[in-house]
Amino acid sequence: MSYSVGQVSGFAGITVRTLHHYDKAGLLSPSDRSPAGYRLYSDADLSRLQQILFYRELGFPLDEIATILADPQANALDHLRARHRLLSDQISKLQRLVEVAEQAMEVQQTGVELSPEERFEVFGEVTFDLTYATQAHLKWQHHESYQRSMARAAGHSKEDWAQIMAEAADWRLRLTTAFDAGEPADGERAMDLAEEHRQHIARWFTPCPTDVHGRIADGFVTDPRAFALAVPPTEQRPGLAPYLRTAVHANAVRRSPADDA
C-alpha cells in the first residue's frame, strides 16, 4: 500500500513539514509517486520512519540516525549504549535541578524573610537544612505554637537575626569549652548553658517550657540535622549532642514548673 504525506503525518503524529525535512536531508524519501506526481510512502518507508522516530525519541541527532540506518552492519546496540549513558547523565543533572527547585520552594517555609545575600551574610555556616525545615512544617503546620514561632521568625529583621546569631555563637563557644574541659553534663555550668539555650528559644521564637526543651534536646541525638541547627558540623565533637541532651534534662529536674513561665 502507499500513503500520502498527509496520511503519514496524521497517523505518525508528526508534521508534514517534518516529513519534508527528512526528505530534504536524505533521511526518508517517499518511494512512490501517484499518477498526479504526488509523493507516496510505502510500507518499507513507514518501517524506516518508525526507526527514525524511535531514535529521535531517544535524542539521537539526525546525522547519527542516518549513519545507523545507512549501514546494515552498524552495531545499533553500541549507539544505544552510548545514548543510555548520555541520558543517564542528563537524568542525574535534571534530578539535581529538581532538588534545587524543591529547596527553593522549601526555603519559603523556613519563616526567615531575608534575601539570599542577607541569609549568607547573617547565617554563614549555620544554615537551615531545608528538608528538615519542610518536614517540620508538614508535621506541625496546624499547631498553634509552630504557627506562632514561624510568625515571629518571619517578623525578625536582618538586625534581629544578626543578634540572634551572635548570641548563639557566644553560647556555642561556652558550651564547647565546658565540654572540652570535662565539665559534667549534669553539673551547674552545663545546666546553666542548657537553661540559656531554653531562654534563647523562648525570647526569639516561641515559649519553651522544660518538657518542650527536653523533646528538642532528644531530637539533637536522634537527628543530626536538628543538632546542626544548634551547633554547626565544624564545631561539633563526638558526644556533644548527648552531652547537651543530658544537660537539658538535668536542668529540667532542678527547675520547678513555675520557673517555666
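These values consider heavy atoms only, across backbone and side chains, with no hydrogens, waters or symmetry-generated copies. Position 1 is the first residue of the sequence; numbering continues from there.
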Chemist: Looking only at atom types and distance, does a side-chain atom of Ser29 sit under 3.5 Å from a main-chain N or O of Gly26, one as donor and one as acceptor?
Modeler: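 No.
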
Chemist: Walk me through whether Phe60 and Phe54 qualify under ring pair (Phe, Tyr, Trp, His ring centres under 6.0 Å).
Modeler: CA-CA 9 Å; Phe60 281 86; Phe54 168 73; 8.0 Å; no

Chemist: Any carboxylate oxygen within less than 4.0 angstrom of a Lys/Arg side-chain nitrogen, looking at Glu195 and Arg254?
Modeler: no

Chemist: Counting neighbours of NE2 on His20 that are heavy atoms of other residues, nucleotides or ligands and sit closer than 6.0 Å, is the number greater than 12?
Modeler: yes

Chemist: Hey, does Arg172 have a side-chain heavy atom less than 4.5 Å from the side chain of Pro232?
Modeler: yes

Chemist: I need the His213 NE2 to Ile201 CD1 distance, nearest 0.5 Å.
Modeler: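 Answer rounded to 0.5 Å: 4.5 Å.
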
Chemist: In terms of hydrophobic clusters joined by side-chain contacts under 4.5 Å, are Tyr41 and Val16 together?
Modeler: yes

Chemist: With a 4.5 Å cut-off on side-chain heavy atoms, are Leu28 and Asp23 touching?
Modeler: no

Chemist: Side chains of Phe227 and Gln236: closer than 4.5 Å at any heavy-atom pair?
Modeler: yes

Chemist: Would you check if the side chain of Trp204 reaches a backbone N or O of Ile164 as a donor-acceptor pair within less than 3.5 Å?
Modeler: no

Chemist: List for me each residue that meets ring pair (Phe, Tyr, Trp, His ring centres under 6.0 Å) alongside Tyr243, sequence neighbours excluded, and say none if there are none.
Modeler: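 Only Phe179 meet the ring pair (Phe, Tyr, Trp, His ring centres under 6.0 Å) criterion with Tyr243.
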
Chemist: Give a yes or no on whether a salt bridge exists between Arg39 and Asp32, defined as a side-chain N under 4.0 angstrom from a carboxylate O.
Modeler: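 No, Arg39 and Asp32 are not salt-bridged.
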
Chemist: I'd like to check Leu40 versus Tyr3 (side-chain heavy atoms, cut-off strictly below 4.5 Å). Are they in contact?
Modeler: no

Chemist: I'd like to know if the side chain of Asp45 pairs up with that of Ser42 as donor and acceptor (distance under 3.5 Å, no hydrogens or angles considered).
Modeler: yes

Chemist: Would you sort out whether Leu19 and Leu49 count as a side-chain contact (heavy atoms from CB on, under 4.5 Å), showing the intermediate values?
Modeler: CA-CA 9 Å; Leu19 288 170; Leu49 176 60; 4.3 Å; yes

Chemist: List the steps and the verdict of side chain to side chain donor-acceptor pair (under 3.5 Å) for Thr177 and Asp180.
Modeler: CA-CA 5 Å; Thr177 298; Asp180 292 342; 5.9 Å; no

Chemist: Supply the atom-to-atom distance Leu175 CG to Asp192 CG, rounded to the nearest 0.5 angstrom.
Modeler: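 Here the interatomic distance stands at 12.5 Å.
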
Chemist: I need the single residue from Glu235, Glu196, Glu167 that forms a salt bridge (Lys or Arg N to Asp or Glu O under 4.0 Å) with Arg174. Which is it?
Modeler: Glu196

Chemist: Hydrophobic clusters here meaning ILVMFWY residues chained together by side-chain heavy-atom distances under 4.5 Å, can you tell me if Leu62 and Leu58 are in one?
Modeler: yes

Chemist: Roughly how far, to the nearest 0.5 Å, is OG1 of Thr222 from CZ of Arg245?
Modeler: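 Between atom CZ of Arg245 and atom OG1 of Thr222 there are 8.5 Å.
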
Chemist: At what distance, to the nearest 0.5 angstrom, does CD of Glu57 lie from CD1 of Ile52?
Modeler: 14.0 Å

Chemist: Between Ser9 (side chain) and Val5 (backbone), is there a donor-acceptor pair under 3.5 Å?
Modeler: no

Chemist: If only atom types and distance count, is the side chain of Ser88 paired as donor or acceptor with the main-chain N or O of His84 below 3.5 Å?
Modeler: yes

Chemist: Might you work through the side-chain contact (heavy atoms from CB on, under 4.5 Å) test for Val248 and Arg198, ending with a clear yes or no?
Modeler: CA-CA 8 Å; Val248 167; Arg198 188 185 73 84; over 6 Å; no

Chemist: Parallel, tilted or perpendicular for His197 and Phe220, by the 30°/60° rule?
Modeler: perpendicular

Chemist: Hydrogens and angles aside, do Asp218 and His249 bring a side-chain donor and acceptor to less than 3.5 Å of each other?
Modeler: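 Looking only at side-chain atoms, His249 and Asp218 do form a donor-acceptor pair, the distance falling under 3.5 Å.
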
Chemist: Mind running side-chain contact (heavy atoms from CB on, under 4.5 Å) on Ile65 and Ile68 for me, showing each step along the way?
Modeler: CA-CA 5 Å; Ile65 296 175; Ile68 296 172; 5.6 Å; no

Chemist: Could you tell me whether a side-chain N or O of Ser47 sits under 3.5 Å from a main-chain N or O of Asp43, the two making a donor and an acceptor?
Modeler: no

Chemist: Can you measure from CD (Glu188) to CG (Asn251) and round to the nearest 0.5 angstrom?
Modeler: 9.5 Å

Chemist: First locate atom CG of Leu46, then atom CD of Gln7, and finally report the distance between them rounded to the nearest 0.5 Å.
Modeler: 10.0 Å

